[in-house]
Amino acid sequence: MPPYPGMRHSMELRRIVDEEETIDTRDDPDDWAAQYQAYLDEEELENEEAKGSQNKGADIDQALEGEDWAVQYAKYCEEKEREFFESC
């Protein structure tokens, strides 16, 4: 690319690391992607813990509502069958 007046080009160079020389980039202050991923992992764990404690009571309520729904549906089906057989 031809140079333009007042323009500069920059390039990020990274050293190729052997598999044996693994570097934990989470402690590197310049590696924002690893830091952000660590932050997201922590937030996800905290959200799951908070959600789990709130849903204990809700799961029981949903189970009871599910039973009520099943009873209501069974009654509805019986009524429709009765109407169907009466019309025949």
Rounding to 0.5 Å, atoms CD (Glu81) and OH (Tyr76) come to a distance of 11.0 Å

d(Leu40 CG, Leu45 CG) to nearest 0.5 Å is 11.0 Å

Do Asp41 and Gln37 meet the criterion of a side-chain donor-acceptor pair at a distance under 3.5 Å?
yes

Lys/Arg N to Asp/Glu carboxylate O, Glu78 vs Lys75, below 4.0 Å:
no

Contact between Phe84 and Lys80 at the side-chain level, heavy atoms closer than 4.5 Å - yes or no?
no

